[in-house]
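To keep things clear, I will list the structure first and then write my remarks on it.
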Amino acid sequence: MRASKKRELDLKDFPPGTVTEYTTLVCLACIFDIFTKQLGLAPRSAFTEIKRHAPAIEELTARQAMRPYFDSDDKNPHCPYCGSAKRWLARLDTYCIEGGKTTDAARRTLLKKLPKSDDQFLIIEKKSDSRAVFFEWLDTLGGNLDFADEKWLIDATQMYLARRERKTNWEEIFSELRAVRRSSRLNEGWEHDGGRLFLAPDLYSQALLIQYLVSRSHAHGGLTLEGRLTLMELVRRLRHGGYLDRIGITEREPGEVFEKLIDHLASTHDWSRVSAGGGDKKRVSTGSGSDRVDRAKKSTSKKASKKPKKSSKSQKAKVSLPEPEEVITEPVKLHYIVDRRDFLEKVKSTYASYAA
Ligand SMILES: [Zn+2]
């Protein structure tokens with residue numbers, strides 16, 4: 001039994017940033033307590049009920065775990081509610097896979113490999129949208145950054161680029177990176193020069209926006225490569241650089257601009273990867289700026305000359321007239337996999353001692 005504890009799912013076939021992992025602990029002493037004392041069940045019936053327990057996704061992925069769930073990084077955790085020791089605690093791992101062309105095949109393969117008996121794994125589908133997915137991504141990003149170290153600005157930029165451009169080996173590029181700069185030369189895309197990464201103005205603007213968004217709860221205003229910025233200052237900067245015009249945001253009021261900026265960033269297909277026709281997926285964009293990066297990438301890669309075919313929808317996106325109404329949230333399907341294996345084992349072993 002012990003040997004089987006280290007059983008991580010193999011997720012290497014999923015592009016970076018498409019799977020979010022959550023781990024939470026649950027106290028079986030607390031659960032048994034609820035079922036026997038509060039609900040008055042006999043231990044045997046409680047055992048049967050608990051084995052069937054299918055936690056809600058909200059319980060498993062909540063920032064703040066609620067009894068009988070709790071989070072702990074401790075090697076020898078104790079239940080914060082009743083003080084029970086490790087053997088009473090079961091671990092539940094939850095994987096959230098964003099549906100879409102880039103993950104569908106890998107997901108099907110993975111699901112086929114999972115054992116089916118006793119509901120060792122629960123598969124739950126949830127409808128979401130690009131905006132919610134974006135904020136979830138931001139939240140996860142924020143949790144993984146070390147804000148005490150200034151390097152987080154560069155790390156956040158890397159995560160953003162990895163999310164937008166999956167085919168580039170950003171790990172390698174960023175491994176020796178010392179600075180991220182706004183390019184005065186490039187119109188699109190990026191350029192890597194030793195320790196420096198130059199981003200075209202729009203991409204740079206987006207990086208600032210991400211930095212602002214991810215740090216605004218940690219600081220008054222938000223921290224960016226350009227220092228601490230209030231929302232007003234950020235919007236002014238983006239307007240001056242022409243970014244707002246280029247993505248068709250005509251609003252003046254900073255709050256409204258901000259909302260549009262978020263919708264634009266979130267609905268870019270690179271983010272949500274809603275299936276929209278094979279390798280052409282990024283072409284079907286809802287905002288005039290969303291195919292920019294993709295084209296830019298072509299221009300910096302070897303096969304620069306070949307222009308991908310445009311879908312009819314994206315031709316619309318090419319029109320330079322602002323079309324802010326086009327920026328909408330898009331549906332995204334989320335596939336949750338809940339690993340109940342440790343839970344089932346612990347329920348059995350604790351029941352044995354509980355009933356004894
Ligand atoms: Zn407990």
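Whatever order the structure lists them in is the order used to number ligands and atoms, beginning at 1.
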Option among Glu21, Glu345, Glu8 that satisfies the salt bridge (Lys or Arg N to Asp or Glu O under 4.0 Å) test with Arg91: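 It is Glu8, the one option of Glu21, Glu345, Glu8 that forms the salt bridge (Lys or Arg N to Asp or Glu O under 4.0 Å) with Arg91.
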
Passing candidate, salt bridge (Lys or Arg N to Asp or Glu O under 4.0 Å) with Glu226, options Arg182, Arg181, Arg236, Arg237: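 When salt bridge (Lys or Arg N to Asp or Glu O under 4.0 Å) is applied between Glu226 and each of Arg182, Arg181, Arg236, Arg237, only Arg237 qualifies.
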
Identified ring-ring contact (aromatic ring centres under 6.0 Å, His included) partner of Trp190 from the options Phe174, Trp170, Phe198, Tyr204: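 By the ring-ring contact (aromatic ring centres under 6.0 Å, His included) criterion, Trp190 pairs with just one of Phe174, Trp170, Phe198, Tyr204: Trp170.
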
Derivation and outcome, salt bridge (Lys or Arg N to Asp or Glu O under 4.0 Å), residues Glu251 and Arg239: CA-CA 11 Å; Glu251 280 77 3; Arg239 178 170 283 128; over 6 Å; no

Backbone N/O of Cys96 and side chain of Tyr22: donor-acceptor pair under 3.5 Å: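 No; judged by distance alone, with no hydrogens or angles, the pair does not exist.
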
Steps toward side chain to side chain donor-acceptor pair (under 3.5 Å) verdict (Gln206, Tyr160): CA-CA 9 Å; Gln206 288 157 3; Tyr160 172 63; 2.6 Å; yes

Tally, protein N/O/S atoms nearer to the Zn ion (ligand 1) than 2.8 Å: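 If we list every protein N, O or S atom nearer than 2.8 Å to the Zn ion (ligand 1), we get 4.
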
